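Notes follow once the structure below has been shown.
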Amino acid sequence: MSQDVLTPALVSEITAQAGRRRTFAVISHPDAGKSTLTEALALHAKVIGTAGATNGKSNRRETVSDWMQMEKDRGISISSAALQFSYRDTVINLLDTPGHADFSEDTYRVLAAVDCAVMLIDAAKGLETQTMKLFEVCRQRGLPIITVINKWDRPGLDALALMDEITERTGLLPMPLTWAVGIAGDFRGVWDLQQNRFVRFQRNNAGANIALTEYFTPEEAAAAEGDAWTDAQDEAGLVIESNLGFDTNSFYAGKATPILFSSAALNFGVKELLDALVDFAPPASPRPDVAGSTRPVEAPFSGFVFKVQAGMNQAHRDHVAFIRVCSGIFERGMVVTQGRTGKSFATKYAQQVFGRDREVIDEAFPGDVVGLVNASSLRVGDSLFLQDPVEFPAIPLFAPEHFQVARSKDPSRYKQFRRGIDQLEHEGVIQVLRSDLRGDQAPVLAAVGPMQFEVVEDRMTHDFSAPMRLERLPYSLARLTTAEAMQTLSTVHGAEVLVRSDGEYLALFNDVWALRRVEKNHPGLTLTPIGTQSPSR
Ligand code: G4P
């Protein structure tokens, strides 16, 4: 299929394909059930025969999305990729996000590439720290959120109390699509409000298979479930009354959040979530460029790199750039233009990557994710296109809050050390700051969350054979500044100016008091907050 000439047939094919795409990420506080739900979704889509979650994390088969040694050791998922499957008449793209407690830039990058987020909440815990940060990031990005109350098979909070908490703490109006029948710990099924029917779940092989499901009319449900059914109707009714029911516009505008109930471990409510994605989640739509104009989905190919990852395949030490397709058709082998450099880029090695599984991909449509192997010239945020140039907005760097000096453990391996640090910076794993005073041998690494340092240490040891030492610096705050500040702040206690590799001057401060002191004593200095503050601040 050639996109040189956009025939009416091609235009309608691309528009239809974009309309079929649902591209989303599951996000949550660690342990709310993100990996379990990912497996359950894949099971429903029959990607994997049996969900691995039989007896919890320790006994279960590796989750399809884990691959790094460190992830396996720690039982967490650090890297991201995409899982694609068909469900009903749609193509679902589920992007994996890191599962650790730190808020990471990686999560933010994945959220830049999706059209919707599924927020998982542990029914017993309600809104946790990370949940709140993630709600805030979605708000900043204007990303619609579907909220899933998970672990309803275990004793937990009251459903209405959870709705109140969501309204009060996030400002989002909860709009129930399903409502649990039975209190937390006695999960009998859900009231499917769209179809007005009772969906009764039955355990099936401890969640390893799709749950057995039966459907009943409201009258049958009332007869069979008694108070549990009437309570569900009353409670959901109260929420609907105060929020005026489901409204797609307020969901897309990030003002309201559809609510579903689930037990990911038992596969309860998972099909209902897939149906909600198909019926209500936004399809791939035109994405604004830096100038604010939109390139139609049926325009010639365009996309942007949202993630770069090396070392995914230990045998090949490869380097994969993940691209979100924004318009047109991606065809393997096509030669595209890389916006930042203006150079041509051949897409010979295009793959769909999820965990260890890879498949050669020949074609992709708006909303899809393509992994380009050996794409070492591509960086996070790069736009790629055919024909008319387009530049998608940069994925902003977060203001770093943790700073550590890195030194090679073995001075004779300095070359490898340098190469490794450059590579990890290039991949966007860490920000690197330098100054003449500190010298090139001891760059300062800056990160949003401390976990990034462990990733760097691990990668330096295993991928670059350049073990290093890290030494924590007392700073916790950064501001953009100018070259003059370097001199002025060189004698100030609790502050220091370093240069980031993109040429920006960063003033670091021990704490907000040190910053205030400098602002008071040196009112002429430029000290600008960095574009995107981590939601923890
Ligand atoms: P995460 O990716 O969000 O970090 O969570 P993950 O899926 O790993 O799930 C965390 C724990 O919660 C796992 O138990 C998992 O089996 C359990 N879990 C997930 N969903 C449900 C659910 O719907 N109901 C119940 N009852 N449990 C669920 P684990 O590894 O054994 O940890 P733990 O339970 O021993 O702490």
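Remember, it's 1-based here, ligands and their atoms both numbered in the order they're listed. Just so it is clear, the structure is predicted and the values come from calculations on it, not from any experiment. We count residues from 1, following the sequence as given.
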**Item:** Asp31 neighbourhood, listing ligand 1 atoms whose heavy-atom distance to it stays under 4.0 Å
**Value:** 1 (P), 3 (O), 4 (O), 5 (O), 10 (C), 12 (O)
**Asked** Purely on distance, is any nitrogen or oxygen of Ala264 under 3.5 Å from one on ligand 1?
**Response** yes
**Asked** Using the benzene-type ring in the case of Trp, are the ring centres of Phe280 and Phe251 under 6.0 Å apart?
**Response** no
**Request:** Measure Arg154 to ligand 1 on non-hydrogen atoms and call it side chain, backbone, both or neither using the 4.0 Å cut-off.
**Result:** side chain
**Item:** Options Ala265, Ser35, Gly269, ranked by nearest heavy atom to atom 21 (C) of ligand 1, top entry
**Value:** Ala265
**Request:** Please examine the side chains of Ile145 and Thr170, heavy atoms only from C-beta on, and report whether any two atoms are closer than 4.5 Å.
**Result:** no
**Item:** Test salt bridge (charged side-chain N to carboxylate O under 4.0 Å, His left out) applied to Asp275 - qualifying residues, sequence neighbours left out
**Value:** Arg88, Lys271
**Request:** Go through the structure and list residues passing side-chain contact (heavy atoms from CB on, under 4.5 Å) with Ala184, not counting sequence neighbours.
**Result:** Trp152
**Request:** With heavy atoms of Ser263 as the reference, note each atom of ligand 1 found under 4.0 Å away.
**Result:** 22 (C), 23 (O), 24 (N)
**Message:** Is any side-chain heavy atom of Leu177 closer than 4.5 Å to one of Leu193?
**Reply:** no
**Request:** Measure from NZ or CZ of Arg472 to the centre of the six-membered ring of Phe453, then state whether that distance is under 6.0 Å and the direction lies within 45° of the axis.
**Result:** no
**Prompt:** For ligand 1, which part of Asp153 has a heavy atom less than 4.0 Å away: the side chain, the backbone, both, or neither?
**Reply:** side chain
**Prompt:** Short list, please: which atoms of ligand 1 are under 4.0 Å from a heavy atom of Pro30?
**Reply:** 4 (O)
**Message:** Would Arg197 pass as a cation-pi partner of Tyr215, given that its NZ or CZ must be under 6.0 Å from the six-membered ring centre and within 45 degrees of the axis?
**Reply:** yes
**Request:** Would you mind running through ligand 1 and noting each atom that sits below 4.0 Å from a heavy atom of Asn150?
**Result:** 20 (N), 21 (C), 23 (O)
**Asked** Considering only heavy atoms of Ser28, which atoms of ligand 1 have at least one such atom less than 4.0 Å away?
**Response** 3 (O)
**Fill in**
Contact region, Ser262 to ligand 1, non-hydrogen atoms below 4.0 Å, reads neither
